[in-house]
Amino acid sequence: MTEMPIQPFRFPDLDGSFHLFIKREDLVHPIISGNKFWKMKYNLLECKKLNAETLVTFGGAMSNHIVAAAAAGKENNFKTVGIIRGQEIIDKWQDNETLCRASELGMKFRFVPRDEYRLKEKSELIRRILNEIPNHYLVPEGGTNALAVKGAAEILDERTSGFDIITTAMGTGGTLAGLSVGAHSRQRIIGFPSLKNAGFLVNEVLKYSNKENFTINLQYHFGGYAKVSEELIDFINDFYRLNDIPLDPVYTGKMMFGLREMLKNGEIGADKKILAVHTGGLQGIREMNKFLKKKHKIVLIDC
Ligand SMILES: *Cc1c(COP(=O)(O)O)cnc(C)c1O
């Protein structure tokens, strides 16, 4: 497969003296975008090896992973089932962009109450649901497992070996774990979680990587998962105008904002060669704009 471009970029309010590059994994696949493509890669091979019929996974109504799993199933001739958090959306999932796309790609849904969802396979209800799906292969929430980490490690290769610092957005930490595993000994990884109170992610990453070559910057969550501020929206729009590179509001926008702050305040030295990984997620722009319009707020430029 063709390798994704590594492009220089700038920040609107910083001079051009920094060494800033972005690896465009958002372009890796039209639907299985960014890090989800890499996280699915070895899971799909395993699913085939086991001759499984149905790929089952978990997600919330805004989950990029759900769409990625649906698309991967369609492309590889697996049926797909999504166990979706929140029984309350059972009658109105058609209003949700993510679930509509997944459904168009053939995914069937099982909606479960939040308290059951939290327990995953330990929930009696979820166990019953799984028992009714013959010959299935289970991919965990967010797609993170050892095979996902193995795939994400392949985002780094010879072309990226000259960079000092690699940055990524974080949800479950699987992608950062992969980058940690795939990095050279001199390279450092910096992760920017889009969740509030994400300190637990250090241990999540250490489940899959035994290297201590990473830092997690907990500051740039903007209030939590799928929360945004006007300042963040402005930043993403300015970044797009200047670089012609779209960022999503849930993940990559927050990472880039955090990276800019770390350069501005000297936490990252100006001599460092930096590679930001674009983990995709651009379909999140439309869902966010629907919400922002309703609140009469400024919206993201739709690319
Ligand atoms: C899912 C997702 C992430 C989070 O990846 P993890 O491996 O769960 O940390 C980051 N960026 C984008 C665009 C995503 O869709």
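Every number for a ligand or one of its atoms is a count from 1 in the order of the listing. This structure is a prediction, so every number in the text was calculated from the model and none was measured. Numbers here are sequence positions counted from 1.
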Is the charged tip of K227 near the ring of F222: under 6.0 Å from the six-membered ring centre and within 45° of its axis? no
Is the Lys NZ or Arg CZ of K254 less than 6.0 Å from the centre of F192's six-membered ring, within 45° of the axis? no
Provide the full list of side-chain hydrogen bond (donor to acceptor under 3.5 Å, both in side chains) pairs with a residue in [range], sequence neighbours left out, each pair given once.
{"range": "residues 294-303", "result": "none"}
{"range": "residues 172-182", "result": "N35-T175, T144-T172, S180-S209, S180-N213"}
{"range": "residues 88-108", "result": "E88-R114, E97-R286"}

Between the protein and ligand 1, are there any N or O atom pairs that come within less than 3.5 Å of each other, and if so, what are their names and distances?
| from | atom 1 | to | atom 2 | distance (Å) |
| --- | --- | --- | --- | --- |
| ligand 1 | 5 (O) | N35 | ND2 | 2.9 |
| ligand 1 | 7 (O) | K39 | NZ | 2.6 |
| ligand 1 | 7 (O) | G174 | N | 3.4 |
| ligand 1 | 7 (O) | T175 | N | 2.9 |
| ligand 1 | 7 (O) | T175 | OG1 | 2.7 |
| ligand 1 | 8 (O) | K39 | NZ | 3.2 |
| ligand 1 | 8 (O) | T172 | N | 2.8 |
| ligand 1 | 8 (O) | T172 | OG1 | 2.6 |
| ligand 1 | 9 (O) | G171 | N | 2.8 |
| ligand 1 | 9 (O) | T172 | N | 3.2 |
| ligand 1 | 9 (O) | G173 | N | 2.8 |
| ligand 1 | 11 (N) | T279 | OG1 | 2.7 |
| ligand 1 | 15 (O) | K36 | NZ | 2.8 |
| ligand 1 | 15 (O) | N64 | ND2 | 2.6 |

Picking from K23, R159, Q187, what satisfies side chain to side chain contact (heavy atoms under 4.5 Å, CB included) with L275? K23
